[in-house]
Amino acid sequence: MTEKTILSVNDMTCGHCVGTVRKALEEALPGAEISVDLATHKVEFTGDRAKGEEAIREAGYTPEAT
């Protein structure tokens with residue numbers, strides 16, 4: 001079973017941000033399950049947590065543990 005990571009990305013403020021974060025995760029973690037919720041600023045994904053966090057940072061956002 002693949003572990004699911006849940007992070008808060010509080011500087012994600014609009015639909016464009018959601019798309020940017022999702023695209024970054026899809027590129028860093030091919031085949032991962034990804035869920036991005038703008039209303040709660042939560043990002044969930046399966047796969048390598050460190051790679052996912054780095055992808056979000058490289059996209060210009062600040063992931064934080066929930």
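Taking both residues in full, the closest heavy atoms of Pro63 and Ile56 are given as CD-CG2, 3.8 Å, listed atom of the first, atom of the second, then distance.
Phe45 is not listed as a side-chain neighbour of Ser35, based on a closest heavy-atom distance of 4.5 Å or more. Within the 4.5 Å cutoff, the side chain of Thr66 has heavy atoms near those of the Lys42 side chain. Residues Met12 and Thr20 have side chains not in contact (no heavy-atom distance under 4.5 Å, counting atoms from C-beta outward). Residues Arg57 and Thr62 fail the side-chain proximity criterion, which asks for heavy atoms closer than 4.5 Å. Side-chain contact between Leu7 and Glu53 is present, with at least one heavy-atom pair separated by less than 4.5 Å. Contact check for Glu44 versus Thr5: no side-chain heavy atoms found under the 4.5 Å cut-off.
Atoms SG and CZ, from Cys17 and Arg22 in turn, are 13.5 Å apart once rounded to the nearest 0.5 Å. The OG atom of Ser8 sits 6.5 Å away from atom CD of Glu64, with the distance rounded to the nearest 0.5 Å.
Within a 6.0 Å sphere centred on CD of Glu33, heavy atoms belonging to other residues, nucleotides or ligands number 12 at most.
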Pair Leu29-Lys51, side chain to side chain contact (heavy atoms under 4.5 Å, CB included): steps then yes or no: CA-CA 7 Å; Leu29 302 168; Lys51 276 188 183 178; 3.8 Å; yes

List the steps, then state whether side chain to side chain contact (heavy atoms under 4.5 Å, CB included) holds for Thr46 with Glu3. CA-CA 6 Å; Thr46 57; Glu3 192 171 327; over 6 Å; no

